[in-house]
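Throughout, a chain's letter reflects where its sequence line sits, starting with A, and its residues are numbered from 1. The structure presented is a predicted model; accordingly, all values stated were derived computationally and were not measured.
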Number of protein chains: 2
Amino acid sequence: MISLNLQQKFTKMYRSHTNGELRIAHKGQEVVLSGWVQKIRNKGFMIWIDLRDRYGITQIIIDEDRCDKAIIDQAKDLGREFVIQVTGEVIERVAKNNKIPTGDIEILPSKITVLNASVTPPFTIEDKTDGGEDIRMKYRYLDIRRNPVKNNLIFRHKVAMEVRKYLSDQEFIEIETPYLIKSTPEGARDFVVPSRMNQGQFYALPQSPQTFKQLLMIGGMDKYFQIVKCFRDEDLRADRQPEFTQIDCEMAFVDQDDILNVFEGMTRHLLKTLKNVDVAEFPRMTYADAMKKYGNDKPDIRFGMEFAEINDIAQGKDFGVFDSQEMVIGIAVPGCSEYSRKQTDKLIKWVKRPQVGASGLIFAKYLADGTFKSSVDKFFNQDDLQKWADATGAKPGDLILVMCGDTDKVRSQMSALRMEMAETLGLRNPKEFAPLWVVDFPLLEWDEDSKRYHAMHHPFTSPKPEDMHLLDTDPGKVRANAYDLVLNGNEIGGGSIRIFDKDTQALMFDHLGFTPEDAQEQFGFLMNAFTYGAPPHGGLAFGLDRLVAILGGQETIRDFIAFPKNNSGRDVMIDAPSAIAGDQLDELALKLNLKTT
Amino acid sequence: MISLNLQQKFTKMYRSHTNGELRIAHKGQEVVLSGWVQKIRNKGFMIWIDLRDRYGITQIIIDEDRCDKAIIDQAKDLGREFVIQVTGEVIERVAKNNKIPTGDIEILPSKITVLNASVTPPFTIEDKTDGGEDIRMKYRYLDIRRNPVKNNLIFRHKVAMEVRKYLSDQEFIEIETPYLIKSTPEGARDFVVPSRMNQGQFYALPQSPQTFKQLLMIGGMDKYFQIVKCFRDEDLRADRQPEFTQIDCEMAFVDQDDILNVFEGMTRHLLKTLKNVDVAEFPRMTYADAMKKYGNDKPDIRFGMEFAEINDIAQGKDFGVFDSQEMVIGIAVPGCSEYSRKQTDKLIKWVKRPQVGASGLIFAKYLADGTFKSSVDKFFNQDDLQKWADATGAKPGDLILVMCGDTDKVRSQMSALRMEMAETLGLRNPKEFAPLWVVDFPLLEWDEDSKRYHAMHHPFTSPKPEDMHLLDTDPGKVRANAYDLVLNGNEIGGGSIRIFDKDTQALMFDHLGFTPEDAQEQFGFLMNAFTYGAPPHGGLAFGLDRLVAILGGQETIRDFIAFPKNNSGRDVMIDAPSAIAGDQLDELALKLNLKTT
């Protein structure tokens, strides 16, 4: 006996249940399902259809004995990705499938309706598809049907919701700041928007809501956040997007530690809620220490191989390569003392690649029996190499790798090698999460191209008061109240305590090469606002795309964006950007000025 | 004895509590507060400071007997909007203030630190300010400190959070769609963004994520929502913004009733959670009925005064004014039978204003004694007027107002008069909420300027199957599966069931005057997507700015936007839009083409 238990809310009854919902408890019920034909197996006397929607897969069984011939004929005409509606009875499967939640049941249909046909898709809608990146981007709407992409988008939604709930519970207010703002030359290149009503003038799309969130603090909003699109017209490196999403935050009446504590709490909440990972404590490390220990301001601390600066034990031993260089750095690679000649040669070749650019690599194998075998045995005896081991923390069985050169260069090269070894050894476990605060960033960095200092974070970052006296004499040494949150070797957030008085802000613009007039024209509204009772304030911004990717155990942000652009900034699905009509240009008082080649 | 109970988390201790937090239970504690000087009262021997932050106001008391002279002198130098930090003891007030939650206590300071001074603000930071609209917009960051603006922004946040929680609980996924998309000539004018990497080509900013959300349905995401900025480059009418926020939603495998039910649930949830208002049922009314009963597709049903079409009883009585017209409409205005000649003259003058454009107004007073007194007693006797009363539902004491003319015009005029009378009589109670679904909108509307039909909703809206046969013969009569949610006489949301097959979509573009080539070039990606198994789908979008304003009991959306633009599309605070540098134009391959006047 079939019980009729259709939910009232589905008036036309496209479905009474989703395809992930039915269990053995529904046995005997008449149900209506809708979805896509994932797969058809036709044995002649029996046909199985896997019916798919966002929620799962339900098996439809059609057999000669129990179904009308009309339904059998109809089923034979179905193709992959057809959209169908099935009315039928929930029955118990003879052969249960414990790999899917609906695997105990199947549907014996009394009616099948084709809601829409489908031509053959250009790639298979499977977890592992036969479609390449380009074709999947062009047909992104089909790519999204695949579990990996679908699940990434759902995961992204969950992350954003948890962020909002957490911050909202902490009395943060989400406030929308404008998208049509003012172009400023500081920082990256703006996307601009011509104004029709104010001809010859342009809005800019925000690179971040930075000045607005500061104005909100001056406006007394106290705790602000916003999950917001930002825009940068940069030449796109791999895995950069012209539009990206930030979790943008600002707080008033706070010091650096207050901010670090709040967002450590938020990150801990995300890790616990979404990944069921407990992280007791977020270590804090200065920028200087990060560079010294890892050659990198966003070190991956899921694994060791910390740098040892071994000038004192490596130099003065007549080994000219070391003696002539500013810095000698060693690391202990765990468990690689038995590397073959072929393997060490490969490493040497790897560090000499132009992307790394090292001139060479010295190694010392700390063998299991406690002896050393190195590529520089002529210059260093067992006692010398023991000192290397002590300095790098190498244990028997480890491989000590040493490079030398100018400090900045060799740090960067050794950082690359450290990451390469971690990758090779499988130490970058995507299920492990090791957050780290890097603090005390330099305020300014020298730019060779423009021959001037640029703000390392942005011009609104406050210098450390105790370093202010160096601004004129040694600007590169001035530290800022600036901090990054690093997760598994990726910068996922960064921020600073801001300048909140007009004089310091003017001084900063002066050091960045602004004339007082330029500073006033571009940022006068902010400096003016500082004179009306600006509270001390600071904040930070997370890159949501990156955060979601890393929490998802992946590194490609494109996989977590519904409709990403390619490396030329194009949306290949809708074919944008594109030419616009001449009268649109006229209305905007613009003419094309294309370079002829 | 003062107990030291500073919260550990405030390392530099800008504050241990907010200014809205302290109660009599905190008596005796030493606390640190920070905030703005709202008010200083100086009686010489005693000074009171109202210290303000987002959370409230706490009184600081400084007196000769209990405070150091240094603190007294310091307090005398403070001005309005100075940012200060106060350390002191919580004491019980002698004269309690039951108007504020902190009114039982005050702070006796041991230390005051000026964190930032303030010049005199250009207007008072009070609930009722002396600042006009222009000056408040220029100094919006000061305006935001005022409770009415601050509370509006906090309320907006709460509405958005409740929307997100509700939809998320209903398995909707918030998915970000791109901002840099493709310009299409259908609909309003796009804002465009020149592409530097694809010279001569432009992105457009989305007027809505319409096509993307449809692609997400084709992509199997099933239930989508997004709170998202949209953009329209329109000449700005009062209270329109070039950038505005939508709650954008779409569902697959649904019929109109499914959508109405879900979003009725959401709106009911908002009314209950945010306003503690229960609305049992959302009436549903066809567009045709709304026009007939209210002369308006977004009727305010908080009050009656429904239209009665009284041709049959008003015509044929030798009153030429009525006899010559297509339509005669009457309404019964409650309780206004005693209107004086002056009052009725004023009404007649009001309907003759160009904004309304009526040629005249007939009235009949249904007096308390049951007799009638009309402006047309020469033509209509008491029996005739009783019929008017029966038709309009007038009761003794009411005033019957009658206008006539072409159907469309007189409906619109009577609608304006009805709203005016409601306003006059105080029937538009902002604390009452009367939602209404208006359904069965026309598919197309004739546009006199372009001499062609335009989509009333948008080109993706599906016609009612039973009206399809009229598409060629009487296109204006074809009804769409389109609906609006109306709240208190404002359209707060609207949507439709979409076309989901290529042929119908092509037919629609044909009827909208697209050549097949144009349709393919602009919307080929969508029509193509329909061929890969598009499910039936539909959705709607709420205007968040308007929704928040109406829930907040107000009608000006600008008051609920942190940084609104003025009627010329300018942000007067940051002074945008503005000129950009010549090399920015060069990089974009553009030249200005200003008209000389």
Ignoring hydrogens and angles, state whether a donor on the side chain of [X] or [Y] is under 3.5 Å from an acceptor on the partner side chain.
X	Y	result
B:Asp222	A:Tyr55	yes
A:Asn198	B:Arg570	yes
A:Gln584	B:Ser183	yes
B:Thr245	A:Glu176	yes

Given that the side chain runs from C-beta out, which part of [X] has a heavy atom under 4.5 Å from chain B: side chain, backbone, both or neither?
X	result
A:Phe225	side chain
A:Met221	both
A:Ile154	both
A:Ile561	neither
A:Met573	both
A:Arg189	side chain
A:Lys229	side chain
A:Leu142	side chain
A:Thr18	neither
A:Lys565	side chain
A:Asp583	neither
A:Leu588	side chain
A:Ser34	both
A:Leu526	neither

Heavy-atom side-chain proximity of [X] to [Y] below 4.5 angstrom:
X	Y	answer
A:Ile173	B:Arg54	yes
A:Met197	B:Pro577	no
B:Asn19	B:Arg52	no
A:Tyr141	B:Phe525	no
A:His157	B:Ser168	yes

Flag the one option from [options] with the top tally of heavy-atom pairs under 4.5 Å to chain A.
options	value
B:Lys158, B:Arg80, B:Arg196	B:Arg196
B:Arg146, B:Glu521, B:Arg164	B:Arg164
B:Val192, B:Asp571, B:Ile175, B:Thr120	B:Val192
B:Lys138, B:Glu234, B:Gln241	B:Glu234

Specify which of [options] makes the most heavy-atom pairs with chain B at under 4.5 Å.
options	answer
A:Leu153, A:Leu115, A:Leu180	A:Leu180
A:Ile144, A:Val228, A:Asp233	A:Asp233
A:Gly569, A:Gly220, A:Ser578, A:Ala579	A:Ser578
A:Gly524, A:Ala562, A:Pro194, A:Ala534	A:Ala534
A:Ala160, A:Pro178, A:Pro121	A:Pro178
A:Arg156, A:Lys165, A:Met161, A:Gln199	A:Met161

Item to check | For A:Val193 against B:Leu205, the heavy-atom pair lying closest together | outcome: CG2-CD1, 4.2 Å
Next on the checklist: In this structure, is the centre-to-centre distance between the rings of B:Phe500 and B:Phe530 below 6.0 Å?
Outcome noted: no
Next on the checklist: Looking only at the aromatic ring of each residue, does the gap between the centers of A:Phe563 and B:Phe212 stay below 6.0 angstrom?
Outcome noted: yes
Item to check | Whether A:Tyr179 and B:Tyr179 hold their rings parallel, tilted or perpendicular, with breakpoints at 30° and 60° | outcome: parallel
Item to check | ring pair (Phe, Tyr, Trp, His ring centres under 6.0 Å) assessment of A:Phe172 paired with A:Tyr224 | outcome: CA-CA 5 Å; A:Phe172 282 78; A:Tyr224 144 95; 8.6 Å; no
Next on the checklist: Quick check on B:Asp575 against chain A: is it the side chain, the backbone, both or neither that has a heavy atom closer than 4.5 Å?
Outcome noted: both
